[in-house]
Amino acid sequence: MDSLYNPEGVEERWQQLWEEEGHYRADPEAPGEAYSIALPPPNVTGQLHIGHALNASTQDVLIRWHRMRGFNVLWQPGYDHASIAVHAVVERQLLAEGTNRFELGREAFVERTWRWLEQYGGIVMDQLRKLGASLDYSRERFTMDAEYIPAVLRFFVHLHERGFVYRDNRIVNWCPGCGTAVSDLEVDHLDVDDALTTVRYPLADGDGSISIATARPATILGDVAVAVNPDDDRYRDLVGREAIVPYVERRAPIIADERVDPAFGTGALKITPGHDALDFEIGRDHGLPELTVIGLDGRMNEHAGDLAGATQEEAEEQVLAWLRDRGQLEKREAFRHAVGHCNRTKDRIEPLITEQWYVEMRELAAPAIDAIREGRVRFTPRNQSAVALDWLENIRPWNVSRQLWWGQRIPAWYCPNGHTTIAETEPSACAECGSGELTQDEDVFDTWFSSALWPFATLRWPEQTRELDVYYPTDVLSTARDIIFLWVTRMMMAGSELTGEMPFHDVIIHSLVLASDGRRMSKSLGTGIEPDEVVAQHGADATRYGLLKMSSTQDVRFSIGFIEEGRKLANKLWNVARLILMNAADSEPDVRPRDVEERWILARLDATRAELQRHWDDFAFAAGANALYRLTFDDFCDWYAEAIKPRLQDPTDTDVRATALATLERLLKLLHPVMPHVTEEIWSQLPNRTSRLIVAPWPEPDNRFTADDRVLDRVQEAAVLFRRSGVAVQLHGDDRRIFDAVVKPDRVRADGDAAAEIDRLRKEIARAEGMLGNDRFVERAPADVVEAEREKLARYRRELEALGG
RNA sequence: GGGCGGUUAGCUCAGUUGGGAGAGCACCAGCUCGACAAGCUGGGGGUCACUGGUUCGAGCCCAGUACCGCCCACCA
């Protein structure tokens with residue numbers, strides 16, 4: 001064994017062995033209570049980023065811990081087909097080749113996408129392997145698998161049968177870059193520096209005018225009304241009259257609607273239902289025409305008269321010139337406002353009216369709301385449940401159609417008579433008129449429509465498989481904040497609707513890892529940290545440990561210090577194992593403590609086992625990792641190993657070696673869920689191994705050695721030492737310090753410090769006397785607190801007396 | 001416009017029913033004897049953002065302020 005632990009080679013070897021030997025594999029027929037987690041499926045085109053790595057590390061702790069405890073474990077891996085992201089990649093390639101998907105045609109495009117994915121997609125699972133994630137890779141699923149798609153179609157047909165599905169011409173967020181509509185959740189509102197133009201609209205009866213402010217003068221061509229707030233006295237007389245829309249010189253009614261903010265601009269709003277979401281709503285409510293003047297290509301369309309075919313910039317120029325010529329352009333000023341951008345391509349969203357498939361969500365949301373309220377689905381941290389609830393309670397219809405080709409094609413067929421047939425398999429004739437001339441809807445489903453089924457569709461639902469029986473519902477869902485609405489709540493709704501059960505009972509929302517300067521990690525900013533590189537440099541165990549320590553807060557800046565701490569821990573463990581194995585390789589592990597240090601470490605191992613149990617149950621991963629660090633460094637290495645070192649070299653002392661091996665075994669077991677590789681490597685070098693550590697049983701509670709015994713021992717011995725040496729010892733501190741004071745003689749204070757110690761004790765006594773002398777404290781504080789204070793006071797007095805103070 | 005989170009040592013962060021301010025890194029001093037210099041021992045360093053309140057007692061609970069960050073929302 002080298003003196004420096006080098007994870008290179010070691011980790012890869014164990015990853016291969018674990019997988020080959022089948023330890024990752026889930027068997028529904030295996031004994032034990034089921035414990036399952038579905039890994040949030042990464043994009044098939046994606047790379048592992050630091051958030052994935054953190055999320056995988058926490059899940060793997062739970063998975064490995066439960067595996068050791070004898071649960072029948074499934075950690076389900078797989079990929080999401082990520083319609084828009086894949087389109088972006090493949091279409092960029094086509095563009096580079098001087099073509100596009102429309103020239104290529106649908107079939108060829110899909111075929112090409114599959115080929116591209118075979119070559120370049122699906123690398124995240126290998127990256128997870130390198131992290132030591134013990135997923136059942138043999139069960140990898142893909143939302144575009146032939147076995148997965150039927151679940152998606154069933155979902156849609158089911159929703160249709162329930163009456164939740166409808167098709168409507170509504171205003172949508174059109175992403176010109178993607179060539180499709182996207183949902184509200186896929187739109188980021190970013191501040192943009194624009195101009196705000198104030199335009200005078202003459203009244204139709206020639207008597208005066210009304211002025212409006214707009215950020216998009218080109219859309220004036222689509223105006224169908226002018227709206228004011230009903231409580232706005234300035235315009236009350238104008239309501240019901242008509243204004244003349246500039247440029248097109250069309251008459252448009254002046255209407256009243258409370259959604260108009262009188263404080264903004266002139267207090268009057270031009271209504272353009274075709275190109276603004278608010279205007280669309282107001283237009284619908286007032287029965288206004290939905291005139292469209294901009295096409296899907298972003299240019300002015302045939303309704304734009306002489307501007308048809310112009311770009312929006314050109315159209316804006318023309319409109320502004322027209323207004324200026326007639327003196328109707330009152331003002332043009334700098335204006336900063338939030339504008340929707342596609343969160344995928346960063347293109348400016350174009351609100352357009354298109355025909356889309358919608359799902360009415362209110363009835364679906366109800367069971368999810370109840371489940372959260374009643375605690376059947378718990379969020380960690382707790383406050384995240386309020387965020388989910390708020391969204392569910394204000395849920396809006398979900399646009400599930402995307403004008404893309406890569407994805408599950410919507411199972412709706414149209415006949416020439418205008419009927420629609422929705423079915424899981426292609427119908428031979430129209431359900432209404434029997435026509436055989438059917439054409440399928442061109443659109444595919446929103447990616448999240450299929451991933452909403454992930455926890456059970458991966459188990460082959462709607463088939464009634466053994467896996468579904470055993471592993472569903474899953475236990476835990478762990479993910480980042482940003483997809484609570486996109487994914488988590490939708491899984492709850494879909495799961496409840498289709499299976500009658502919530503798909504999980506615990507939702508862990510882990511921290512968002514920021515760059516070290518506090519900015520978001522991003523490739524374009526150059527602030528990203530690649531987990532692969534961290535693993536290559538520091539090892540998977542160190543990376544896992546570091547990520548766990550970063551997992552506890554809402555946001556955390558990436559700090560390599562945590563990883564280095566993990567590396568230190570792995571190295572320390574390696575070396576203390578080396579010390580023990582050097583001397584005890586031929587011994588049998590057995591618990592035969594003779595010294596107080598040995599009872600101490602056995603008590604500490606047991607206490608930490610209990611502590612870890614609590615932390616892992618509470619999903620307090622950082623606290624668990626920290627407890628392991630303290631146990632390994634402070635307790636096991638710095639005290640226990642130091643204490644037994646002389647005895648280890650005594651060939652007649654077989655007890656110390658047997659105990660050392662036994663305690664090392666327990667330490668390795670406790671550490672394994674966090675640092676699987678280095679622990680398995682050491683485990684394999686212990687004498688007489690019959691099984692792998694990955695499936696070794698988690699330690700049982702061992703009450704033979706309690707902290708109380710040990711503390712008593714320590715205090716007594718410290719007192720003896722003090723009387724003998726005549727110097728002060730630090731007895732006031734916690735158990736650890738007491739132990740310290742005795743085991744490490746050089747930590748005992750020198751004579752010269754006795755005065756300082758007396759000072760300190762006097763202060764402590766004064767504090768305790770002050771508290772105990774306060775009647776209100778004695779009456780109102782909890783009895784155990786008062787009692788503890790009394791004991792402290794008595795102890796301080798004894799110590800002071802011993803010092804002659 | 002709503003909602004959530006943060007502010008603790010030079011840096012990154014812990015601090016779980018309110019009762020002695022902590023860790024890692026960095027820094028200083030010593031050890032540098034066969035597990036580990038990627039080590040060991042010791043040490044310096046903090047008005048726990050600010051103001052007020054509750055309490056015998058507040059980093060922790062309440063109210064407010066400032067700054068930072070995130071989410072949601074139909075500001076043209």
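Letters A, B, ... are given to chains in the order of the sequence lines, protein chains preceding strands, and every chain is numbered from 1.
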Nearest-nucleotide comparison on RNA chain B, the residue closer to the 5′ end among A:Ala641 and A:Ala268:
A:Ala641
More 5' along RNA chain B: A:Leu185 or A:Glu564, using each one's nearest nucleotide?
A:Glu564
May I ask you to say what A:Glu565 touches in the nucleic acid, namely base, sugar-phosphate or nothing, with a heavy-atom cut-off under 4.0 Å?
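The answer is sugar-phosphate, as A:Glu565 gets under 4.0 Å only of primed atoms, P, OP1 or OP2.
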Base, sugar-phosphate, or nothing for A:Val576, non-hydrogen atoms under 4.0 angstrom?
base
B:rA23, B:rC40, B:rC4: which one has an atom nearest the side-chain heavy atoms of A:Arg630?
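Output: B:rA23.
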Which one is paired to [N], where only Watson-Crick or G-U wobble pairs with both distances under 3.5 angstrom count?
| N | answer |
| --- | --- |
| B:rG5 | B:rC68 |
| B:rC61 | B:rG53 |
| B:rG46 | none |
| B:rA73 | none |
| B:rA23 | B:rU12 |

Sort me out a list of protein N/O and nucleotides 55-57 of chain B N/O pairs below 3.5 Å, or just none if empty.
from, atom 1, to, atom 2, distance (Å)
B:rC56, OP1, A:Arg776, NE, 2.6
B:rC56, OP1, A:Arg776, NH1, 3.4
B:rC56, OP1, A:Arg776, NH2, 2.4
B:rC56, OP1, A:Arg780, NH1, 2.5
B:rC56, OP2, A:Arg776, NH1, 3.3
B:rC56, OP2, A:Arg776, NH2, 3.0
B:rC56, O4', A:Asn774, ND2, 3.3
B:rC56, O2', A:Asn774, ND2, 3.3

How long is the line joining CG of A:Leu569 and C1' of B:rG24, in whole Å?
12 Å
Roughly how many Å is it from CG in A:Asp188 to C1' in B:rA73, rounded to a whole number?
14 Å
Using atom P in both nucleotides, what's the gap between B:rA58 and B:rA49 to the nearest angstrom?
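B:rA58 and B:rA49 have their P atoms separated by 15 Å.
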Assess whether one donor atom and one acceptor atom, taken from the side chain of A:Glu642 and the base of B:rA35, lie less than 3.5 Å apart.
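Result: at least one qualifying N/O pair found.
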So, for A:Ala243 and A:Ile210, which heavy atoms are closest and what is the spacing to 0.1 Å?
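Taking A:Ala243 first and A:Ile210 second, the nearest heavy atoms are CB-CG2, 4.2 Å.
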